[in-house]
Amino acid sequence: DPDSAEPRLYRLWEESGVFAPSDDPAAPAFSMAIPPPNVTGSLHIGHALNTTLQDVLTRFARMRGAAALWLPGMDHAGIATQMVVERQLAASGNIGRRDMGREAFVERVWEWKAQSGGTISRQLRRLGASCDWSRERFTLDEGLSQAVRKVFVTLHRQGLVYRDKRLVNWDPQFQTAISDLEVEQREVDGHYWHFAYPLEDGSGEIVVATTRPETMLADTAVAVHPDDPRYQPLIGRCVRLPIVGRPIPIIADDYADPEKGSGAVKITPAHDFNDFKVGQRHRLPMINVLDPEARLNDNAPVGWRGLDRFAARKKVVEEFEALGLLRGVEPVRHAVPHGDRSGVVVEPYLTDQWWVDAKTLAKEAIAAVEDGRTRFVPQHWEKTYFEWMRNIEPWCVSRQLWWGHRIPAWFGPDGRAFVAETEAGAAEAAREHYGRDEPLRQDEDVLDTWFSSALWPFSTLGWPDKTADLARFYPTHTLVTGFDIIFFWVARMMMMGLHFTGEAPFRRVFINALIRDAGGAKMSKSKGNVLDPLELVDAYGADALRFTLVAMSGQARDIRLSTARIEGYRNFATKLWNAARFCEMNGCRPVAGFDPGSVREAINRWIVGETARATGEITRALEDCAFDAAATAAYRFVWNLYCDWYLEFCKPILQGTDEAGKPETRATAAWALETILKLLHPTMPFITEELWAKTGQRQTMLIVEPWPELSEAWIDPGVVADMALVVGTIATGRAVRAELNVPVSARPPLIVTEADPSQRRVLEANAAIIIQMLRVEGLRFDAAAPRGAVPYLADGAAFALPVAEFIDLAVERARLTKDIAAHGADIERTGQKLANASFLARAPEEVVEENRDRLAEAEAAKAKLEEALARLDAIG
RNA sequence: GGGCGCGUAGCUCAGCGGGAGAGCACUCGCUUCACACGCGAGGGGUCGCUGGUUCAAUCCCAGCCGCGCCCACCA
């Protein structure tokens with residue numbers, strides 16, 4: 001019962017301190033920093049996937065003897081959190097943040113953080129996350145704040161952080177600058193309006209087009225292409241800007257595209273990124289006509305001031321129409337930039353902001369991936385990373401918000417900025433500069449949330465102090481995260497990590513998929529297709545959810561999650577439980593000092609080898625982050641090999657009267673089960689830990705048991721071949737019975753009509769197994785099958801089941817004919833291949849050999865079946 | 001416009017140079033003493049299309065068709 005067991009087991013782990021890395025100096029370090037969730041958020045299914053994969057890697061590393069540290073923490077998520085709290089204030093009818101004032105508002109956010117901040121960590125615990133809570137960090141805690149200040153000041157001193165007045169993406173809702181990455185293009189319906197601007201001397205007009213008529217109030221030029229013959233005579237002359245009345249020049253610039261519209265384009269340097277560059281080239285005035293809320297400001301004509309941008313748009317169009325200068329309008333569907341959080345249209349806006357010289361920092365971050373210091377898995381994500389990094393733009397890091405790291409810059413009376421880690425440091429610098437004490441005012445702005453996130457892998461380990469943790473656990477081993485934050489986060493951690501520590505912050509980046517609903521749609525609250533991980537845990541258990549997420553975590557970029565799949569893996573957990581129960585009921589308990597390499601019994605030697613094989617597969621898969629392969633290998637081994645075959649093989653021995661074979665088989669079954677529990681533990685920690693305790697006297701918990709390292713030399717090819725014959729005899733025999741509708745209750749003898757001496761030995765040795773599993777009455781060796789016995793072939797041996805009384809001759813004839821035809825087709829194809837001279841000449845010898853064997857086997861089988869069919873015809 | 005990825009069984013996906021696999025769904029038979037969340041047996045696929053490379057192509061290359069995502073684009 002996972003409901004009660006899971007929390008109990010989690011408490012046991014947590015209280016015993018096993019989540020903290022071992023301090024054994026001999027243990028190699030393995031570390032990961034969690035992608036810190038939003039402190040006021042709650043866990044969604046994407047977190048569940050991300051968390052599960054990290055936990056699998058952590059538990060795997062821990063069991064392999066590493067000092068495994070998975071460091072948890074939360075992000076203050078500046079704009080997102082501020083938004084939530086502002087909404088709460090609005091909803092509760094409280095005064096807004098501006099009326100509250102900065103201090104009161106920030107206090108309010110801290111209150112909210114205290115109240116909701118525990119949600120995520122509780123949810124992570126429910127999933128079984130084995131992170132070291134004693135090292136939990138928060139991006140706004142004192143240590144990390146110190147790291148942030150240190151980084152900002154250092155970068156500033158190095159000229160990599162600077163203040164600049166230029167266009168930013170301005171979010172009028174939050175009234176802050178946002179970075180390019182926080183801008184989301186949305187397709188919307190709009191219009192192209194064609195406006196005529198009269199030449200200043202009244203000798204004509206020039207037509208420009210725009211989708212944002214209100215910006216014309218800030219136009220400072222009209223540009224045409226220098227080679228455009230239509231406009232040659234106009235270059236250097238002026239138009240009189242309607243409504244405003246300002247004369248503005250007609251300039252020549254390559255930016256104007258003669259193919260587009262009239263070939264002339266209005267230039268609004270303060271409100272358009274392209275126009276800004278044109279304005280810089282031509283030293284045009286930059287007139288900002290908007291206020292922070294995107295209303296017209298005092299640079300707009302009297303009578304227009306205070307008007308909202310969209311109202312202004314309408315009014316400009318009306319005005320042009322009234323002036324007889326509207327030359328056309330056409331509808332257009334186009335992409336318009338929106339704030340990703342606010343959802344409102346953002347405006348290019350001219351302000352002073354702090355910038356990070358990302359281009360310079362990117363150089364080493366690119367090199368580190370190029371030379372493999374950091375690898376992406378799947379590797380193709382490197383291309384995405386390179387693409388962005390090689391075209392990176394300066395990063396605007398200041399935000400006009402209140403929730404976040406206050407920028408460590410103080411302004412003097414003349415506006416000069418003094419950047420220092422402390423106010424005292426800034427004051428000292430100011431004193432030095434001015435020659436006396438001057439009043440300083442700290443920058444009101446805070447840093448982009450991602451600025452502190454960029455430091456996460458080393459700031460959480462104590463940087464800038466030279467802590468023991470930093471020395472031991474940095475760089476981290478693997479980062480597990482989603483592709484949606486490669487730019488926001490991964491790239492920036494690479495830049496900052498390399499710049500400040502000289503080492504890439506992680507050796508490997510595993511990019512996990514995005515979870516969609518069963519139909520492939522993105523999960524969203526509005527669509528109502530959200531699967532809440534906690535509800536799934538309640539319904540199926542954390543292990544089943546975890547196994548599902550791991551099993552579905554291939555290299556594809558999305559996962560379509562359905563509850564049917566989770567149900568399937570819940571059944572797997574039940575299967576495991578029942579296998580353990582079987583062992584318990586049959587006295588299979590771990591034996592101290594048991595040596596798997598020394599077992600004698602064929603079935604036991606076989607399962608020992610298969611266990612070693614599965615262990616190797618799973619280990620390699622986990623090493624490579626091939627999570628789905630690991631899950632599939634484990635699933636198949638447990639269900640289709642251990643349960644379906646091995647435990648069935650054990651029954652005749654364990655439930656028989658002969659005591660001689662029992663001890664070894666019990667010990668082997670228990671050992672294999674124990675190994676299974678270990679192999680499954682990273683993925684299904686709860687049920688395996690529970691079964692670990694239930695199936696033996698344990699000194700330690702499974703979570704700290706050593707990972708199995710089994711010799712693949714235990715895979716004995718002879719035993720594998722022998723058991724293949726036993727399996728084939730049973731499986732094919734069952735198929736024959738089923739096809740011919742032989743009742744389950746019928747117990748014919750099994751007659752072995754052809755078997756070479758070694759096969760005969762194997763069949764005799766495993767007779768009890770065959771008798772029980774094929775439900776036959778006995779095993780006889782007799783070259784002459786009785787009349788009406790049904791023949792079948794398995795692994796080169798021939799068998800007959802005397803079930804004449806149940807046979808429908810037509811059905812049996814059809815069965816034989818179908819098999820003969822199949823062999824015939826095989827013979828033809830293989831024969832053709834072997835008749836091809838270039839195949840014989842160029843294909844590797846073992847491939848040719850394989851085909852010769854195939855041909856011989858098919859021919860022999862076909863001959864035998866034809867013989868049987870002839871006998872049948874003789875009867876019928 | 002630039003980039004990335006995906007088209008394999010009814011559905012969701014593995015496989016990625018030597019006769020196509022899994023889970024779910026479907027059909028048939030089983031209350032067989034671990035398990036009906038089960039056991040056993042089945043049906044079902046010109047591996048998107050067209051060329052090329054190769055003794056051999058689902059797998060490698062090119063082109064095309066279809067789908068998705070990211071970046072840029074408010075003349």
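So that the names make sense, note that chain A is the first sequence line, chain B the second, and so on, each numbered from 1. Values below: every heavy atom of this structure, side chains too, minus hydrogens, waters and symmetry copies.
- Using a 4.0 Å cut-off between charged side-chain N and carboxylate O, Arg581(A) and Glu584(A) make no salt bridge.
- Residues Met552(A) and Glu828(A) both approach RNA chain B. Their nearest nucleotides, taken by heavy-atom distance, put Met552(A) toward the 5′ side.
- The distance between the ring centers of Tyr635(A) and Tyr569(A) falls below 6.0 angstrom.
- Listed for the Arg570(A) side chain is no donor-acceptor partner under 3.5 Å among the backbone atoms of Ala539(A).
- Between Trp170(A) and Tyr349(A), the gap from one ring centroid to the other is short of 6.0 Å.
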Inset, instruction - Take nucleotides 57-63 of chain B nucleotide by nucleotide from the 5' end and write B, S or -, depending on whether a protein heavy atom sits under 4.0 Å from the base, only from the sugar-phosphate, or from neither. - result: -------

Can you pull every protein N or O that's under 3.5 Å from an N or O on nucleotides 1-5 of chain B?
unit_1: C4(B); atom_1: O2'; unit_2: Arg557(A); atom_2: NH2; d: 2.9
unit_1: G5(B); atom_1: O4'; unit_2: Arg557(A); atom_2: NH2; d: 3.4

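- Within residues 829-841 of chain A, the residues having any heavy atom closer than 4.0 Å to RNA chain B are, in order of number, Arg829(A), Thr830(A), Lys833(A), Asn836(A), Ser838(A), Phe839(A).
- When side chains are defined from C-beta on, Thr563(A) counts as touching Leu536(A), because their heavy atoms get closer than 4.5 Å.
- More than 12 heavy-atom neighbours from other residues, nucleotides or ligands sit within 6.0 angstrom of CD on Glu330(A).
- At the heavy-atom level, Asp275(A) lies nowhere under 4.0 Å from the strands shown.
- Ring pair Phe376(A)/Tyr385(A) is tilted by interplanar angle, where 30° to 60° counts as tilted.
- Nucleotides C61(B) and U54(B), compared at atom P, are 16 Å apart to the nearest Å.
- Among the protein residues, Asp257(A) comes within range of the nucleic acid bases, having at least one heavy atom under 4.0 Å from a base atom.
- Comparing the C1' positions of G63(B) and G21(B) gives an interatomic distance of 30 Å, to the nearest angstrom.
- Proximity of Arg560(A) to the phosphate of U12(B): a side-chain N or O atom is located under 4.0 Å from OP1 or OP2.
- Here the C1' atom of nucleotide G15(B) and the CG atom of Asp628(A) are 10 Å apart, to the nearest Å.
- Atom CZ in Arg516(A) sits about 10 Å away from atom P in C13(B), given to the nearest Å.
- Comparing the same atom, P, in G40(B) and in C24(B) gives a spacing of 12 Å after rounding to whole Å.
- Listed by residue number, Gln185(A), Tyr192(A) are the residues of residues 184-193 of chain A with a heavy-atom contact under 4.0 Å to RNA chain B.
- When rounded to the nearest whole Å, the span between CZ of Phe483(A) and C1' of G68(B) equals 10 Å.
- Between Phe572(A) and Phe547(A), the ring planes are tilted. Angles from 30° to 60° get that label.
- Evaluated for a side chain to side chain contact (heavy atoms under 4.5 Å, CB included) with Pro226(A), the options Asp254(A), Ile251(A), Asp253(A) yield exactly one hit, Asp254(A).
- Interatomic distance, OG1 of Thr210(A) versus CG of Asp219(A), reported as 8.0 Å (0.5 Å rounding).
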Inset, instruction - If a protein heavy atom is under 4.0 Å from the base, mark B; if only from the sugar-phosphate, S; if neither, -; do that for nucleotides 28-40 of chain B going 5' to 3'. - result: ----B-BB-BSSS

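- When rounded to the nearest whole Å, the span between CG of Leu549(A) and P of U12(B) equals 18 Å.
- To the nearest whole angstrom, the two P atoms, one in C60(B) and one in U8(B), are 15 Å apart.
- A salt bridge links Glu205(A) to Arg327(A): at least one charged side-chain nitrogen sits closer than 4.0 Å to a carboxylate oxygen.
- Annotation: side chain of Glu182(A) is not in contact with side chain of Val346(A) (no heavy-atom distance under 4.5 Å).
- What separates CZ of Arg327(A) from C1' of A75(B) is a distance of 17 Å, to the nearest Å.
- Spacing of P atoms, C65(B) relative to U50(B), comes out at 15 Å, to the nearest Å.
- One atom, CG of Leu514(A), and another, P of G68(B), lie 15 Å apart when rounded to the nearest Å.
- Rounded to whole Å, the P atom of G44(B) lies 16 Å from the corresponding atom of U27(B).
- The interatomic distance linking Tyr197(A) (OH) with A75(B) (P) rounds to 11 Å, in whole Å.
- Counting any heavy atom pair closer than 4.0 Å across all strands shown, Pro337(A) reaches a base atom.
- Using bins of under 30°, 30° to 60° and over 60° for the plane-to-plane angle, the ring pair Tyr642(A)/Phe637(A) lands in the tilted bin.
- Nucleotides A9(B) and U46(B), compared at atom C1', are 14 Å apart to the nearest Å.
- Between the side chains of Glu857(A) and His823(A), not a single donor N or O lies within less than 3.5 Å of an accepting N or O.
- Between Arg852(A) and Glu849(A), at least one side-chain N (NZ, or NE/NH1/NH2) sits under 4.0 Å from a carboxylate O, which counts as a salt bridge.
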Inset, instruction - Could you give me the CA-CA distance, side-chain angles and deciding distance for Leu350(A) and Phe276(A), then say whether side-chain contact (heavy atoms from CB on, under 4.5 Å) is met? - result: CA-CA 9 Å; Leu350(A) 195 58; Phe276(A) 181 78; 3.7 Å; yes

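- Per the geometry, CE belonging to Met216(A) stands 14 Å off P belonging to A75(B), to the nearest Å.
- Among the heavy atoms of the strands, none lies under 4.0 Å from Val183(A).
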Inset, instruction - For RNA chain B, produce a single dot-bracket line, 5' to 3'. Pairs: Watson-Crick or G-U wobble, both distances under 3.5 Å. Symbols: ( ) within strand, [ ] crossing, | other strand, . unpaired. - result: ((((((((.[[[[.)..(..]]]].(((((.......))))).....[[[[[..)....]]]]])))))))....

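- Under the 4.0 Å criterion applied to side-chain N and carboxylate O atoms, Glu347(A) and Arg212(A) are assigned as salt-bridge partners.
- Rounded to the nearest 0.5 angstrom, Arg737(A) CZ and Thr732(A) OG1 are separated by 14.0 Å.
- Two residues are said to be in side-chain contact when any heavy atoms from C-beta on lie closer than 4.5 Å; Arg636(A) and Thr632(A) meet this criterion.
- In this structure, Arg565(A) contributes its side chain and Met552(A) its backbone to no donor-acceptor pair below 3.5 Å.
- Taking atom C1' in both U31(B) and G38(B), one finds a spacing of 10 Å when rounded to whole Å.
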